[in-house]
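One structure is given below, encoded as structure tokens.
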Amino acid sequence: MDPITYSIIRHRLFRVVEEAVITLKHVSGTAITNEGHDLMVSLYRADGSLLMGGVGFLHHLIGAAEACKAIIRRFEGQIEEGDVYMLNDPYTAALHTSDVYLLAPIHHGGKLVAWSACFVHVADIGAMNPGGFAPDARDIFSEGFSTPGLKLVSRGELRQDVWDTFLNMVRSPEMVALDLRSMIACNNVAGQRMLALIEKYGAQTVDEVGRTLIEQSEQLLRQRLRELPDGQWQARQYIEVQGEVARVLLTMTKKDDSLTFDFTGSSPQSVYSVNCTRNAALGGLFAPLFPLLCYDITWNQGAIEPIKMISPEGSVVNCIRPAPVSVATVGAIQSVNNAACSAIGKMLAASEKYEDQATAVWHANNFAAFVFGRRPDGRQAIDILTETFAGAGGARTFADGVDIGGEVPNPISRMANVETVEAAFPLRYLFRRRMSDSGGAGRYRGGLGGELAIVPHGCPDGGINFVLSGKGSAFPMSDGLAGGASGVSNDYVLYQGQPQAAGPRFEAEAARLSGTPRAITWGVFALDENDAFYLRWNGGGGVGDPLLRPLAEVARDLASQTVSREAAEKIYGVVFSGDTLDEQASAQRRLHLQAQRQQAGAAA
Amino acid sequence: MNQRISPNLTYHRAASGHDICCSACGHIVAPAGAGKHWKDLAAFTSRPVRDLPGWPGVVHPDMVLREFSCGGCGKLLDSEMSLKEDPFLYDIVQA
């Protein structure tokens with residue numbers, strides 16, 4: 001094939017996915033989809049293998065491939081043009097029940113030639129807690145509607161009985177219906193654009209490009225792995241829920257042109273819903289692998305081939321049905337993301353050629369805070385606080401992390417404007433800002449996370465409620481690199497019962513919040529008329545020795561309130577003369593601290 | 001010829017194998033044939049994470065910041081945040 005045709009078709013495949021994402025966003029009405037971009041669209045070959053990975057939460061590239069294969073097995077001989085299939089069972093392919101896959105076969109000339117697949121986190125799935133994350137669940141049966149595969153649209157006709165049955169089992173059915181319609185529209189556009197591509201260039205040519213892309217991706221990734229040093233890198237993550245501590249332990253081994261992720265040593269599955277299935281863990285490790293190792297390689301089945309995973313059955317990263325998994329995406333899957341990001345970062349940092357691609361772990365601790373209650377117009381509102389997607393950049397080997405700079409597993413994640421949230425929910429923000437000192441210390445510091453406080457506002461019922469799956473306050477999760485520290489952990493505090501006489505709340509800082517503070521992380525909580533909910537989210541990890549950070553950069557951090565005076569003194573070895581940074585005394589102080597380190601004994 | 005292990009550590013060829021050295025000053029952190037991981041031989045300090053500036057009081061009381069430094073120049077070679085009862089994370093680059 002001539003290279004120009006090849007390149008045109010390759011780029012058209014990218015554009016098919018992009019246009020499908022735009023369509024999905026135009027139709028869906030939820031903050032989690034439209035603002036947070038908790039979505040994914042990809043194309044798959046006729047056998048379900050990944051053809052063109054799209055954007056959004058990248059763990060789903062693998063999950064949707066497994067979903068395609070499961071549908072092909074279940075509906076063999078019955079897959080027809082115009083069908084749309086639904087799958088959200090985590091023990092078949094999905095990550096958790098609320099991330100619903102809709103999969104559409106693409107036929108040309110009566111022959112199945114490809115699949116388009118997408119997901120959104122639907123507004124509700126009928127789990128015991130609103131919004132899909134179910135911290136109170138102790139098994140999959142309490143986590144809402146779950147299907148290992150059903151036909152939602154048959155030959156272009158919506159199956160109304162199935163549609164009605166599903167919507168009969170969820171809260172806020174009008175929003176969930178919009179979620180489903182957004183995915184149907186998305187798949188329709190992807191299918192139409194793929195058929196236009198095939199009409200123009202021929203099915204055989206398009207298929208040949210797909211095969212070649214997959215072969216190239218495998219060759220390119222294997223070549224990259226050969227350029228990296230052989231070795232073994234470890235990472236450990238902690239997940240704490242209600243006093244139970246689970247460990248995700250990763251040993252990543254790189255040999256020649258293959259990479260093995262071994263989770264042996266991870267904790268047994270939890271009674272809480274932070275577990276993940278094997279497929280979800282596999283998706284979880286690919287979410288950082290694609291952007292960190294395949295930043296210039298097409299994300300498809302070829303990039304999957306050199307990778308192996310070992311995850312012990314019955315562990316928190318390969319749980320056995322009916323273990324609960326509804327919090328998996330911010331639980332074990334995210335810990336797999338973080339551990340893989342840390343280990344890959346260390347491997348890249350061990351290479352002269354790839355040092356600049358190394359990174360500390362980015363924002364590593366999504367919190368799931370789903371708000372629910374009645375709006376002033378009487379309608380029920382359910383949706384997530386999208387600050388969970390705001391993120392924080394990990395430091396690089398040449399630069400600081402970006403403050404509130406997103407996250408690695410979802411390159412398009414973001415948060416809603418305060419005004420957007422206040423327009424949709426009976427809430428008012430007291431403040432939302434960058435959180436000083438939250439980035440991991442280092443020669444290059446991690447990007448800052450943020451903090452916010454909200455109060456009920458105009459609630460017909462006096463207040464609202466929220467479901468919090470907020471692990472990550474007891475343990476940091478965004479690991480540093482090469483001596484850099486982890487980003488500071490999350491914190492969640494409910495301030496209860498400000499006295500009525502004080503009037504409406506207008507406190508603009510955490511230190512001024514009134515009421516009785518109650519540290520919370522897990523469960524369903526009321527946000528009553530006189531309460532305030534404060535939360536802070538973690539910063540990114542740092543890189544290198546903080547004592548090597550130039551004093552001028554620390555001075556800039558102080559001026560911008562990125563670093564506090566206390567941190568400058570205790571971590572960065574800065575000395576002040578009054579309010580002025582004393583360069584000479586600071587240099588002496590740093591030498592003294594280094595000498596103290598030298599004098600420390602060895603651990604052995 | 002020296003081989004990179006991390007931004008802060010390098011293998012230097014020695015008669016009996018490879019020494020692991022500080023990239024900044026060349027100090028031998030772990031001599032060839034030491035039989036131990038370099039982290040076990042580096043200058044080591046540990047302090048509670050809870051005492052560090054900026055960390056919330058809800059951090060686990062047994063969470064510690066481990067710092068592994070060069071005994072020759074005092075440069076920080078690596079760090080970990082772990083529960084104090086957990087073993088070190090051992091990274092190994094093939095020489």
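Each chain gets a letter, A, B and so on, in the order its sequence line appears, and its residues count up from 1.
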Under a 4.5 Å heavy-atom cut-off, does chain B meet the side chain of [X], its backbone, both or neither?
X	result
A:Ala358	neither
A:Asp479	neither
A:Leu348	neither
A:Leu547	neither

Is it the side chain or the backbone of [X] that comes within 4.5 Å of chain A heavy atoms, both, or neither?
X	value
B:Met63	side chain
B:Leu9	neither
B:Lys36	side chain
B:Ser79	both
B:Ser82	both
B:Phe68	neither

Of the listed residues ([options]), which shares the most heavy-atom pairs with chain B below a 4.5 Å separation?
options	answer
A:Lys254, A:Arg247, A:Met435	A:Arg247
A:Gln596, A:Gln599, A:Lys570	A:Lys570
A:Gly544, A:Ala441, A:Ser351	A:Ser351
A:Asp437, A:Leu548, A:Val488	A:Val488
A:Gly231, A:Ala595, A:Ala474	A:Ala474
A:Ser486, A:Ser438, A:Pro229	A:Ser486

Do the side chains of B:His12 and B:His18 get nearer than 4.5 Å, heavy atoms only? no
Answer yes or no: is there a donor N or O on one side and an acceptor on the other, between the side chain of A:Lys346 and the main chain of A:Gln234, under 3.5 Å? yes
In Å and rounded to the nearest 0.5 Å, what is the [atom1] to [atom2] distance from [X] to [Y]?
X	Y	atom1	atom2	result
B:Ile5	B:Asp78	CD1	CG	11.5 Å
A:Trp233	A:Met252	CH2	CE	5.5 Å
A:Thr251	A:Phe261	OG1	CZ	11.5 Å

Does A:Phe533 have its ring centroid less than 6.0 Å away from the ring centroid of A:Tyr492? no
Regarding A:Lys471 and A:Asn365, is there a side-chain donor-to-acceptor distance under 3.5 Å anywhere? yes
Is it true that, when you exclude A:Glu244 itself, more than 12 heavy atoms of the residues, nucleotides or ligands shown sit nearer than 6.0 Å to its CD? yes
List the steps, then state whether side-chain hydrogen bond (donor to acceptor under 3.5 Å, both in side chains) holds for A:Tyr534 with A:Arg536. CA-CA 7 Å; A:Tyr534 169 83; A:Arg536 53 187 273 185; 4.7 Å; no
Minimum heavy-atom distance A:Asp356-A:Phe398, with the two atoms named: O-CE2, 3.2 Å
